[in-house]
There are 2 protein chains.
Amino acid sequence: MDATPQNKVLSRLDESLLTHLPPFSRLDRQQIRAILDQATSRRYNAGVSIFDEGAPADRFFMLLDGYVRVVRITPTGEQVTALHIPAGQLLGMAKVLGRVTYPATAITATESIVLSWPMRLWDSFIQDYDGFATETYKTLGHRVGEMNTRIVELATQQVEQRVANAILRLISQTGRKVPGGIEIDFPITRQDLSELTATTLHTVSRLLSAWEKRGLVASKRKRITVTDPHALVVLSQG
Amino acid sequence: MDATPQNKVLSRLDESLLTHLPPFSRLDRQQIRAILDQATSRRYNAGVSIFDEGAPADRFFMLLDGYVRVVRITPTGEQVTALHIPAGQLLGMAKVLGRVTYPATAITATESIVLSWPMRLWDSFIQDYDGFATETYKTLGHRVGEMNTRIVELATQQVEQRVANAILRLISQTGRKVPGGIEIDFPITRQDLSELTATTLHTVSRLLSAWEKRGLVASKRKRITVTDPHALVVLSQG
DNA sequence: CGCTTTATTGACGGACCTCAATTTGGGTGG
DNA sequence: CCACCCAAATTGAGGTCCGTCAATAAAGCG
């Protein structure tokens with residue numbers, strides 16, 4: 001954690017940080033102030049867990065800045081990435097699903113800034129804040145849709161298509177324009193990609209090498225830039 | 001549909017049909033009567049769709065009797081089964097997810113009896129009926145958990161383990177004791193199983209044949225009986 | 001008793017995983 | 001600033017799981 005005391009950090013949090021975020025967009029300044037006053041703010045380094053699968057779900061979170069991977073760990077220790085969550089979304093909403101423990105582990109992919117509240121405030125947020133419930137359910141619906149898509153992909157597509165789709169999804173969620181293409185704007189290893197697509201880092205490496213030769217992507221260590229998105233889309237369709 | 005007029009059928013629906021079902025279990029007779037009076041009852045033959053992916057979500061449903069497969073259809077026409085839903089559960093709850101269309105297609109696996117209500121009643125059900133919301137979210141949470149499990153399975157397990165797991169899940173959800181073992185109590189083809197486990201009917205057939213030789217299962221056309229559940233559990237762990 | 005749906009089984013090939021050996025790049029400490 | 005070290009990435013060889021193609025067989029159903 002930052003050496004700066006939390007309340008200091010908090011007092012600097014401007015209401016405008018939340019006003020444009022969907023779950024809070026219909027609230028007035030005063031309501032948002034109240035929400036911020038109850039929040040704890042924290043900075044996480046890259047690669048650390050925010051909460052762990054199976055742990056008591058005692059807080060819920062809003063990712064203000066950074067990226068988070070939601071992963072499950074198998075009995076044999078393999079990691080499977082279920083979702084990527086970009087800044088501006090809620091996470092750890094176990095209560096929505098009628099759960100008392102977190103269903104998966106959340107790991108920061110970059111340095112991240114996260115607000116959190118005790119789970120006991122959840123019900124009052126839902127009741128008191130107009131639009132909070134609706135937007136929460138929309139987020140949830142979106143994630144269910146994503147999970148569904150993943151299942152269909154895993155069930156029907158070849159590795160090459162899955163990797164192409166994963167990269168396309170990442171640049172659509174978190175892409176950043178750079179000279180020569182669009183870059184995934186957080187560090188991602190071949191290993192990470194392989195956990196996203198249910199394959200091995202070797203296969204991902206081979207695919208990226210082949211694509212690079214054909215001019216579809218350019219990649220450095222932990223960095224991937226798509227230079228020909230259209231061709232990648234074509235590939236992803238099989 | 002049955003030739004009997006709907007209201008005739010409805011009038012015969014006893015309150016006791018709903019009282020033991022989680023979403024309604026905290027309600028009194030009068031409330032349940034009101035709910036039933038707004039419901040439409042319908043019988044479906046096996047293998048027909050209750051609602052289709054992408055269609056406007058204008059009704060939500062309660063499966064009173066039978067089994068339903070929730071499937072998605074790929075651009076190339078392949079079917080992927082996302083979930084199996086047993087009697088006593090709600091389905092088509094698009095509104096929970098903030099959606100206006102159904103996210104998947106629901107197909108009856110057996111002859112089924114289904115109640116349904118116009119989606120515009122959803123919000124009032126949530127508000128007026130104690131426990132309805134909670135139980136709905138619990139159901140949803142359970143399904144999200146199942147989807148998660150499927151993703152992990154697809155990502156990490158071999159076909160043999162996936163098929164074993166699928167069968168174990170089916171008998172735990174819908175198993176019926178018969179002389180010599182536990183039977184999946186609705187008709188299920190090799191094709192159905194292959195759509196559940198993301199493989200081909202050929203591979204499923206080979207696996208079942210091998211298991212039958214080893215005395216783990218017994219199967220006839222559209223019928224599968226597990227004769228040695230423990231051994232199947234061992235197999236499913238790899 | 002034909003006809004359709006469902007299931008079985010064999011042969012073959014290919015996609016992708018496993019094992020293994022290097023290479024590259026970037027950070028760090030002297 | 002250079003040498004060192006470790007994480008990340010590359011690439012080859014070989015094997016295997018499982019899908020594809022193909023041909024029958026068995027089971028219901030009218």
Side-chain angles (χ1 to χ4, degrees), chain A residues 45-47 74 76-80 109-111 153-167 184 186-214 217-225 235-236 238, chain B residues 45-48 74 76-80 109-111 153-167 184 186-214 216-225 235-236 238:
Chain A
N45 283 323
T74 69
T76 61
E78 297 161 283
Q79 290 195 0
V80 179
T110 61
E111 181 183 340
E153 278 185 16
L154 285 172
T156 63
Q157 299 185 338
Q158 315 243 98
V159 169
E160 182 168 45
Q161 298 166 46
R162 296 206 302 269
V163 175
N165 273 312
I167 292 177
I184 298 172
F186 61 87
I188 184 165
T189 65
R190 310 294 188 257
Q191 174 75 28
D192 293 335
L193 256 181
S194 74
E195 284 169 6
L196 252 178
T197 52
T199 179
T200 60
L201 74 160
H202 309 279
T203 300
V204 171
S205 176
R206 279 185 244 270
L207 286 172
L208 287 176
S209 296
W211 292 347
E212 187 141 17
K213 275 194 192 113
R214 292 167 53 190
V217 303
S219 71
K220 310 192 212 299
R221 161 178 272 238
K222 292 193 180 185
R223 291 275 152 203
I224 298 174
T225 306
L235 251 187
S236 74
Chain B
N45 284 322
V48 303
T74 68
T76 62
E78 297 160 283
Q79 289 195 0
V80 178
T110 61
E111 182 183 338
E153 279 186 16
L154 285 172
T156 62
Q157 299 185 336
Q158 315 243 96
V159 169
E160 181 167 46
Q161 298 166 45
R162 295 208 302 270
V163 175
N165 273 313
I167 291 177
I184 298 173
F186 61 87
I188 184 166
T189 65
R190 310 293 188 259
Q191 174 74 31
D192 293 335
L193 257 180
S194 74
E195 284 169 6
L196 253 177
T197 52
T199 178
T200 60
L201 73 160
H202 309 278
T203 299
V204 171
S205 178
R206 280 184 244 269
L207 286 172
L208 287 176
S209 296
W211 292 346
E212 187 140 18
K213 277 195 190 111
R214 292 167 53 189
L216 307 190
V217 303
S219 70
K220 308 192 215 301
R221 163 177 271 238
K222 292 194 180 184
R223 290 278 152 200
I224 298 174
T225 306
L235 251 188
S236 74

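Chain A is the first sequence line, chain B the second, and so forth, proteins listed ahead of strands; every chain is numbered from 1. Values in this document were obtained by computation on a predicted structure and should not be read as measured data.
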What's the spacing between A/L154 CG and A/T199 OG1 if we round to 0.5 Å?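 With rounding to 0.5 Å, CG (A/L154) is 11.0 Å from OG1 (A/T199).
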Got a second to check how far B/L193's CG is from B/I224's CD1, nearest 0.5 Å?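 These two atoms lie 4.5 Å from each other.
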[X] has an atom [atom1]; how far is it from atom [atom2] of [N], in whole Å?
{"X": "B/E195", "N": "C/dT6", "atom1": "CD", "atom2": "P", "result": "11 Å"}
{"X": "B/Q158", "N": "D/dG19", "atom1": "CD", "atom2": "C1'", "result": "14 Å"}
{"X": "B/R162", "N": "D/dC17", "atom1": "CZ", "atom2": "C1'", "result": "11 Å"}
{"X": "A/Q157", "N": "C/dA15", "atom1": "CD", "atom2": "P", "result": "16 Å"}
{"X": "A/K222", "N": "C/dT24", "atom1": "NZ", "atom2": "C1'", "result": "14 Å"}
{"X": "B/L154", "N": "D/dC18", "atom1": "CG", "atom2": "C1'", "result": "15 Å"}
{"X": "A/L201", "N": "D/dA8", "atom1": "CG", "atom2": "P", "result": "10 Å"}
{"X": "B/W211", "N": "C/dA7", "atom1": "CH2", "atom2": "P", "result": "15 Å"}

Options D/dT11, C/dA15, D/dA8, nucleotide nearest the side-chain atoms of A/S209: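 Selected nucleotide: D/dT11.
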Touch class at under 4.0 angstrom, heavy-atom based, for [X] against every strand present:
{"X": "A/T189", "answer": "sugar-phosphate"}
{"X": "A/R221", "answer": "base"}
{"X": "B/S205", "answer": "base"}
{"X": "A/E160", "answer": "nothing"}

Taking atom types as they are modelled, would you say the side chain of A/R206 forms a donor-acceptor pair with the base of C/dT18 within the 3.5 Å cutoff?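 Looking at the base of C/dT18, it does pair with a donor or acceptor on the side chain of A/R206 (distance under 3.5 Å).
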Assess whether one donor atom and one acceptor atom, taken from the side chain of A/H202 and the base of C/dT18, lie less than 3.5 Å apart.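 No, the side chain and the base share no sub-3.5 Å donor-acceptor pair.
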5'-most by nearest nucleotide on DNA chain D - B/V159 or A/R223: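 Checking each residue's closest nucleotide, the 5'-ward one belongs to A/R223.
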Do any side-chain nitrogens or oxygens of A/K220 fall under 4.0 Å of OP1 or OP2 in C/dG25?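 False: A/K220 side-chain N/O out of range (4.0 Å or more) of C/dG25 OP1/OP2.
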Would you call A/S219 and A/R190 a side-chain contact if the rule is heavy atoms closer than 4.5 Å?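 Heavy-atom side-chain distance check passes, below 4.5 Å.
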Take A/T200 and B/I188, find for each the nucleotide of DNA chain C with the closest heavy atom, and name the residue whose nucleotide sits nearer the 5' end.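 It is B/I188 whose nearest nucleotide is closer to the 5' end.
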Residue closer to the 5' end of DNA chain C, B/E212 versus A/T199 (nearest nucleotide):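 On the 5' side of the pair lies B/E212.
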Atom of A/E160, atom of A/W211 and distance for their closest heavy-atom approach: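 That closest heavy-atom pairing would be OE2-NE1, 3.2 Å.
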From CA spacing to verdict: side-chain hydrogen bond (donor to acceptor under 3.5 Å, both in side chains), A/T74, A/T76: CA-CA 5 Å; A/T74 69; A/T76 61; 3.1 Å; yes
